[in-house]
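Each ligand, and each atom within it, is numbered from 1 in the order the structure gives.
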Amino acid sequence: MNPLPAALARLHDLAYNLRWTWDHTTRTLFERLDPNFWMERGPDPVGTLLSVSVDQLARAADDPDYRALYERVVADFDDYMAAKNTWFESAHGDRSRTRIAYFSAEFGLTEVLPIFSGGLGMLAGDHLRSASDLGVPLAGVGLLYRQGYFTQTLDHDGWQSERRDANDFTRLPLTLETDGEGTPKSVLVHFPGRQVRAQIWRAQVGRVPLYLLDTDVPENSPEDRGITGQLYGGDREMRIQQEMVLGVGGMHALAAMEIDPDVVHLNEGHSAFALLERARRAAAQTGVDYWTALKQTGARTVFTTHTPEPAGHDYFAPDLVRKYLGGYAREMGVSVEEILPLGRRNGYDSAEYFCMTIIALRAAGFSNGVSRLHGEVCREMWQSIWPQISEENVPISSVTNGVHYQSWSSPETIELYDKYLGGEWRNRPDDRNLWANIEKIPDAELWNIHRERRSRLVDFTRRRLRRQWEARGLSSEEIAATDSALDPHALTLVFCRRVVPYKRIGLLLRDPDRLIKLLTNTERPVQLIYAGKASPGDEYGRQMVHRIVQLSQRPDLRGRLAFLEDYNMAVARTLAEGADVWLNTPRRPHEASGTSGMKAAVCGTLNASVLDGWWDEAWNAAAPHAPAIGWAFGAETSLNEEADDRRDSETLFSLLEDQIVPLFYERGEGELPSEWIAQVKSSLEQLGPVFNTHRMVKEYCAKGYFR
Ligand SMILES: *Cc1c(COP(=O)(O)O)cnc(C)c1O
């Protein structure tokens, strides 16, 4: 890294604090240092500082405009970091010494730090951002993977292939935690016959630190160095090793940072071993026996479960647990045979696998699902853990997910809300009164901004298609055609999500003729964009991606149907904002919450979704006399999945043909679709105050952290 001119010395602090991921002005500051770098690589302040030349820096330091922007950003940053009057201070000021530790196997903060695969990580990232904004004294704990989730590319014939790139931690917005002498701080985790060492990196997320453990240190054997090698990589044994480092090592790391958390939040079961380590520490400190300590610390633990899908819950064979927890349990003065039953539905069944979700549910003082409907599903799903309790009394509550609005909105959207809702909406996105001002936005202004966002989506899609088709080796005519793919004025439908069977990416492909008819209508043009990664080894998912790509190559559909490779945060952000309709078609009730539809909603995109997860709740709470907030279907499910899929596919086609397309093209004064805009406003006004992570974090404080 070239030395920074004294006049711009604080660029270093700004680059190493991930507040830039939600502060557009900070991003502009770095973009202006080297616009070409940003065009090619996307937002990456640390990368920019590593690549920017001495000359570029000198020029910026001499440019009065740049200096003025710099001064403004630095002042705002210092203000933010020092902020006294935060929500937390006013609501829970007496708890200001309390520390909450938030454990998660993935965190989605920026593409630059690829330690996430999907919604779970996005939620964790947004949780930290809102905690920072609200002044909640929280610290994140996770793993720093050498290789993040895979990058998706398509081969010449449209088949998905996967690539994993190695992260170079020294080029990321990370700081290695060291002692006074500059020696890296590290922790030792008890493994069978050895200790595994992990060093600690910090990513600073506004006011909130995120500690990430990394076992790739010379003191470890080559195998142990690979424990944090890959997100969700390897076999069951690798998984239990990762979870030992996350849960047990994570507690050690907090201690190394002199944090003794009062409350621990386990975001999904991966980190449930933290419960055991926390009890061991408490027993050692206070002298109570281990089981009493587990009870006491468990009471101050919050556990969030995220999916009704069986594959989303970790199960380990009893012998694997004996191997990894045997010695560790002896250290705690207990036997692993006493721990095993905690992770089983039936504690007496010695053959039953050990489940991380079950031990967390049993031990945590507060457990929750991530939408009201998911809460109900969880109570039914896990009722057998408490056979003496009736289903409605099963101790699993719900806290509905949200998204961090500023992170998912473009500068234009933020400016629009600043203008009509007042700048306070950034601090209080959960304030209904502020969102009521949506009514004041002139229809034409709202529509024009949306048209800009749709144009940006079209440009973005063309650019990505071009890159994608060049890499696939398509002909030069085909590549040239990407310049005119899609229409910035056409009704734009988007389906973006992980390709897993329950999300039913293929619902509209069940009737290709009807789809083609919809997309080739010249009077009322409709276009459809898909994006999504199939999990490696998921043959169904690979087939679906291939089918969509094949269909999108048909000459009559080329400009109307697109598949974008490598669904990631940038794709989600651009498409959620630019779409007119966000499609979501899970098989109810498999979608615990879903958050991409919330990203769409906050920008004025309408949802057309199965009544599942968050949408079930949003739809049922909608004001009966206000304009609709979008479209809903798929509430009934039977044991006949094929029949359900057929019916839901037909319903979605009918909705599109009979309601969505006509409403969009019903133009009045000034060519404005006034009924459509009325629905957008209704959606913003009603959903805006609810589906954000500020509301969610406050709810966790009230129901979970400070019960
Ligand atoms: C928001 C988001 C998700 C979660 O979306 P779902 O609604 O759960 O499908 C997944 N991946 C990325 C990249 C996202 O931005």
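Annotation: side-chain hydrogen bond (donor to acceptor under 3.5 Å, both in side chains) contacts of E31 (sequence neighbours excluded): none. Residues satisfying the side-chain hydrogen bond (donor to acceptor under 3.5 Å, both in side chains) criterion with T400, sequence neighbours excluded, are E617.
Residues Q160 and E162 have side chains that bring a donor and an acceptor to within less than 3.5 angstrom of each other.
Each of G118, G119, M122, W408, R497, K503, Y567, N568, M569, A572, G594, T595, S596, K599 has a non-hydrogen atom positioned under 4.0 Å from some atom of ligand 1.
K533 forms a cation-pi arrangement with F150, by the criterion of a distance under 6.0 Å to the ring centre and an angle within 45° of the ring axis.
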Ignoring hydrogens and angles, write down the donor-acceptor pairs under 3.5 Å from the side chains of residues 593-600, residues two or more places apart or on other chains.
residue : atom : partner : partner atom : Å
S596    : OG   : R497    : NH2          : 3.0
S596    : OG   : W582    : NE1          : 3.1

Could you walk me through whether H265 and H127 pass ring pair (Phe, Tyr, Trp, His ring centres under 6.0 Å), step by step? CA-CA 11 Å; H265 187 162; H127 193 113; 5.5 Å; yes
